[in-house]
Each structure stands twice: as C-alpha cells, then as structure tokens.
> 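I am attaching a structure below and will ask some questions about it afterwards.
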2 protein chains.
Amino acid sequence: MAKRQPGAFDTWELDAPQLQDRSAELWDHSYGPVARRLLTSATRCYASKGFQATTTRDISGGAGLSPAAMYVHFPSKEAILFEIARTAHVKALDDMRSPAQDDLVERIWHIVYRHVAWNARYHVAARVAQYELANLTPENYASIREIRRETNRVYRSIVADGVEDGVFVPIDIKRVVRGIIALAVDPVRWYRHSGTDSPEDLGEFYAGLALAMLTSTPPVPASRTEPSDPTQAGEPAR
Amino acid sequence: MAKRQPGAFDTWELDAPQLQDRSAELWDHSYGPVARRLLTSATRCYASKGFQATTTRDISGGAGLSPAAMYVHFPSKEAILFEIARTAHVKALDDMRSPAQDDLVERIWHIVYRHVAWNARYHVAARVAQYELANLTPENYASIREIRRETNRVYRSIVADGVEDGVFVPIDIKRVVRGIIALAVDPVRWYRHSGTDSPEDLGEFYAGLALAMLTSTPPVPASRTEPSDPTQAGEPAR
DNA sequence: GTCTATACCTCGATAGAC
DNA sequence: GTCTATCGAGGTATAGAC
C-alpha cells in the first residue's frame, strides 16, 4: 500500500517538522496548553498526510504524548478536526470582513486582499479547513457549512451592490463570486512561507484579478467554438 | 471514528449509485471489460469517499466481484488510482490543446473553454485526478507531475505571447496562469450534471473571466490597506 | 493527566480450490 | 479468472496502574 507521502502534489509537500507554521497562534485559550499542542500537531498531520492517513499516535506523538493521552483532551480524531476547521473558518471570516465603506471597489478589493492574505499566512490550518471537511460528522459539517454560507453572503452582497450601482459590469453574481472565492482559496494548496511572495503581496495580486473580472467586459472571440468532442484529441497547439 | 460521508462538503455529496457519471467512457480498451468496470467503480469510490477511506472490498463490490478478484487485474489500490489519474490528465490535456491560430484571444478563450468543459463533463474522474494525487507512490506521482507541467506550459506560452504582443496587459505570467488554472479546475469540486449549466456554458463563462484578467487593468483603490492583523477581527461589513 | 498494555476491529493482500 | 477463507499488520479506543 502506498502511504500518503510528503511531496505528492505539486504543492502538497508539507513536511511537518521543518514547516514554518503559525497554526499555534490560532487556538482559543479556553483550551489549555496541552490541548493547544494537540491541535497544532493534528493540524500539521492532517495537512501533510490527510485526515484518514494520520493516526491518533501521530497526533499524540507530535505533541510529545503517549497514544492514550489524547483522549483526555478530545473525544476523537474527528472532534479535533472539527475544532481546527471551525476555528479557521471563523477567524478567516472575521478577519476579512471589510469595514463598511461607500466605495464598492475599495470594499471588494479589501475583502479579497484580506481573505487571500489570511489563507496564505495560515495556509496549513486553512488547507485542513478546506480539504478535509468530508471527514466531519454530518452535524459538525452542517455547522461549518453555515460559516461558509456567511462567507459567500459577504462576497455576494458587495458584488450585487456593485452590479446594481453600475460600478461593476453586469455579470452572474453567484458564478463570479464562486470564481473569486476559488481564487482566494487556491493559495492554501501551494503557499509556502519560504517563497518570495508575502501573504500581502499575494492578496494584492488576487484582489486585482477579482476587480478585473468585475469591471471589464472581455472581448468575445468571433468564432464560437464547436462543442468539445471527448473522443477526439485536438491538434497539438505548437 | 467518523467515516468520510457523502454530503460532507458543499459540493462533495457524490453518492456513487445515483450519479450520472461518464467515467466509463474514459478507459483505454487495452483494458478488458472487467478491468474497466473496476476502474469505474474505483473512480466513484475515490471521488465520493477519498482514496484512504475506500477499501478494496468497496472497489471489487462496486464492480460485482469478490474482494480477491481485483488483484487479478491490478496489483494494488494505488495502481488503480494511478491509472485513473494518468488517464484523466492525459485526456484533459489532449482535449484542451487548441488548434494553433494567430489570434491569441481566440486561443486562450478556446483552451479555457475546453479545459473547463472537460473538467465538468468528467468531474468524477477529474476530481480524483486533482485531489487524490498525494496517495500515489513517488514514481507514479512524478509521472503525473510531468503531464501537469505540460498543461502549465500550454497555458503559459499563449499568455506569454499575448503579453509580448500587447494583446494582453503586462502581468505576472506565472501568477495569472496559476489563477486561470485554479478557476478551470474548480468545477471539479462542485459540478453536477443535474444542475442547469452544461459543461459548455460553464466553459464560456470561465473563458470570459480569464480574458477579463488578461485584457484589463483593474482600478487600484486609493487606500492601500494596512497589513491584516490576525489577532483582531474587523468590524462586521454590514 | 499521563503512562503501559491491550482489546477489538478492519484493512490490504495472499492461498488454494474450482 | 473467480471464488472462499484467512493471514498479518496496524488502526481506534479503553483499562487500569501510578
């Protein structure tokens, strides 16, 4: 059997030990120091190996504890995942809510900027929050989904106002917002603190892309392409 | 332990039985009918539950076979994953290569259109190809990565030509291409054939977004935002 | 609250009959 | 080439001493 390995995805080579990871800053201090160490350890394990592939021994060991000690602080592996996902979703949403301003260009720019910067800064925890949700119980998943819906509403209300005011071009609001969020979340997959881009640099870049999508009517190619034929490969491009 | 459940992600509620899934069209006919049934079954299991959570019994059972019969056709679970990922990457790349034309707007529009449409049409297999790569052996992963690099090159060469010619605005080529691909792949996460959008509708929409990013210089907000403070929540937006 | 030891289960893969 | 039966490994979670 192949183990889930570091280095397995373009951008998934999270190797917990040498990782510059700020997850430890995130946890609520109603958790004691040992519980917070367990959360940090689990975050790194889930991010690098996936939820299913990490064992309770990995989590406990990463926090310097024996396999059994985890159960004093959390009832299950899944409870830890839920706390990580909940915290990341709540903190990201709180951070990105832009101060209410009149200028809708400012507002959407700001929100994308902050959202991207948060996802880059806390990419290890954010990755777990984005990619491991399928491992939650239905109840816990429903709880996370509520936060995700609120995130969507925050984006949509700004875009809808902008389209109505004519600051933005007329465009399918649900679809662009889905696209903007897809862009804002993508760094979670590949961001590394060791790279050249700071979280804020990235945020600026993506905020610009979002504004481009909202403020320009792109050229429409004259030739509307025939439907793609899945059985037939196209000619090589070059 | 929480099992990986259908309905766990906004958009991950793949429930294999009632799924309109075209994966069966994809497999090379050098595989016999039984092997192809195993590939289809595995694709649906991996997409709905994840690689780690699916058992060899799930795969065999889904193909109407006993647990042991799988090993006559494939040496391991991982070998099946590799064949799914390889096929999806190769077919998507072949399909999206646009015929060489002079007009760079046409070319980038066409390639995004085809890429998105393919990912929507074969979203079940494409999801496995995108999200389960971390479960491959290093050698098999390296093989897939080569195809991914080629996909990147196809995008980059068109964008680079367009920037040089002045058809596109000056922009960081690697970063926009990463963004465009993130958009083109995102439907894999949420697309359903039961929805209102056809794969081609979606392709057109995303091709428009990509062109917007490449052909417009977005407004820059006057107030350059102060760095985000992770310990402090912003004010509610509205 | 942490430890060692272990119960109990399920999984991937194999053996061997047909 | 498919089956039934099973091995051996490794998983979650618990028991009970300290």
Side-chain angles (χ1 to χ4, degrees), chain A residues 1-5 8 16 27 29-46 48-84 128 132 134-137 140, chain B residues 1-5 16 27 29-46 48-84 128 132 134-138 140:
Chain A
M1 254 294 307
K3 297 227 169 61
R4 186 142 172 165
Q5 33 133 9
W27 321 123
H29 276 58
S30 61
Y31 287 106
V34 179
R36 296 205 303 276
R37 256 162 45 216
L38 283 164
L39 287 165
T40 301
S41 170
T43 300
R44 293 172 183 172
C45 291
Y46 294 164
S48 58
K49 307 204 292 180
F51 175 83
Q52 296 276 354
T54 93
T55 70
T56 54
R57 289 167 172 84
D58 292 333
I59 299 170
S60 311
L65 297 174
S66 78
M70 192 197 92
Y71 290 93
V72 176
H73 302 276
F74 295 96
S76 69
K77 243 175 96 177
E78 190 268 346
I80 298 183
L81 174 62
F82 175 61
E83 184 54 25
I84 295 166
V128 175
E132 300 297 335
N135 298 294
L136 294 170
T137 63
N140 284 342
Chain B
M1 255 293 307
K3 296 225 169 60
R4 187 142 173 164
Q5 33 134 12
W27 320 124
H29 275 58
S30 60
Y31 288 106
V34 179
R36 295 204 303 276
R37 256 162 48 218
L38 283 165
L39 286 165
T40 300
S41 170
T43 300
R44 291 171 184 173
C45 291
Y46 294 163
S48 58
K49 306 202 293 179
F51 175 83
Q52 296 276 354
T54 94
T55 70
T56 55
R57 286 161 177 85
D58 292 332
I59 299 170
S60 311
L65 296 174
S66 78
M70 192 197 91
Y71 291 92
V72 176
H73 301 276
F74 295 95
S76 70
K77 246 175 95 177
E78 190 268 347
I80 298 184
L81 174 62
F82 175 60
E83 184 53 24
I84 296 165
V128 175
E132 301 297 334
N135 299 293
L136 294 171
T137 62
N140 284 340

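In what follows, chains are A, B, ... by sequence order, proteins preceding strands, each numbered from 1.
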> Starting at CD1 of A:I80 and ending at C1' of D:dA13, how long is that distance when rounded to a whole Å?
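Taking CD1 of A:I80 and C1' of D:dA13, I get 13 Å after rounding.
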> Separation of B:H73 atom NE2 from C:dT14 atom C1', in whole Å?
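It is 16 Å, rounded to the nearest whole Å.
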> Can you tell me the distance, in whole Å, between the OH atom of B:Y71 and the C1' atom of D:dC3?
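These atoms are roughly 15 Å apart.
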> Between A:L81 and A:N140, is any pair of side-chain heavy atoms under 4.5 Å apart?
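A side-chain contact under 4.5 Å is absent here.
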> Heavy-atom contacts under 4.0 Å between residues 55-67 of chain B and DNA chain D, which residues?
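Close to the strand are B:R57, B:L65, B:S66.
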> Under the side chain to side chain contact (heavy atoms under 4.5 Å, CB included) rule, what do B:W27 and B:T43 come out as? Steps first, then yes or no, please.
CA-CA 11 Å; B:W27 320 124; B:T43 300; 3.3 Å; yes
> If I take atom CZ in residue B:R37 and atom C1' in nucleotide D:dT2, what distance separates them, rounded to the nearest angstrom?
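For the pair B:R37 CZ and D:dT2 C1', the rounded distance is 11 Å.
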> What pairs of residues pass the salt bridge (charged side-chain N to carboxylate O under 4.0 Å, His left out) test when at least one of them lies in residues 52-76 of chain B, not counting sequence neighbours?
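Residue pairs with at least one partner in residues 52-76 of chain B: B:K49-B:D58.
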> What's the closest nucleotide to the side chain of A:A69 if the choices are C:dC3, C:dA13, D:dT14?
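Closest nucleotide among those given: C:dC3.
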> Would you check, one step at a time, whether the test side chain to side chain contact (heavy atoms under 4.5 Å, CB included) holds for B:H73 with B:I80?
CA-CA 9 Å; B:H73 301 276; B:I80 298 184; over 6 Å; no
> To the nearest Å, give me how far apart CD (A:Q52) and P (C:dC11) are.
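Distance check: A:Q52 CD to C:dC11 P gives 11 Å.
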> Run the numbers on A:F82 and A:T137 for side chain to side chain contact (heavy atoms under 4.5 Å, CB included), then give the verdict.
CA-CA 9 Å; A:F82 175 61; A:T137 63; over 6 Å; no
> Please list, chain by chain and in numerical order, all residues satisfying side chain to side chain contact (heavy atoms under 4.5 Å, CB included) with B:S41, sequence neighbours excluded.
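For B:S41 the side chain to side chain contact (heavy atoms under 4.5 Å, CB included) partners, ignoring immediate neighbours, are B:C45, B:I59, B:A63.
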> Is there a side chain to side chain contact (heavy atoms under 4.5 Å, CB included) between A:I84 and A:E132 once you walk through the steps?
CA-CA 10 Å; A:I84 295 166; A:E132 300 297 335; over 6 Å; no
> Between protein and nucleic acid, restricted to nucleotides 16-18 of chain C and to nitrogen or oxygen atoms under 3.5 Å apart, what atom pairs and distances do you find?
none

> Who pairs with A:Y31 by side chain to side chain contact (heavy atoms under 4.5 Å, CB included), at least two apart in sequence or on another chain?
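Result, side chain to side chain contact (heavy atoms under 4.5 Å, CB included) vs A:Y31: A:D28, A:A35, A:R36, A:L39, A:F74, A:E83.
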> Roughly how many Å is it from CD in B:E78 to P in C:dG12, rounded to a whole number?
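So the CD-P distance, B:E78 to C:dG12, works out to 13 Å.
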> Run the side-chain hydrogen bond (donor to acceptor under 3.5 Å, both in side chains) test against B:S66 and tell me which residues pass, sequence neighbours left out.
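By the side-chain hydrogen bond (donor to acceptor under 3.5 Å, both in side chains) rule, B:S66 matches no residue at all.
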> Could you tell me how far apart A:K77 (NZ) and D:dA13 (C1') are, to the nearest whole angstrom?
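Going from NZ in A:K77 over to C1' in D:dA13 covers 12 Å.
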> For B:R36 and D:dG1, what is the distance between atoms CZ and P respectively, to the nearest whole Å?
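Spelled out: CZ on B:R36 to P on D:dG1 is 14 Å.
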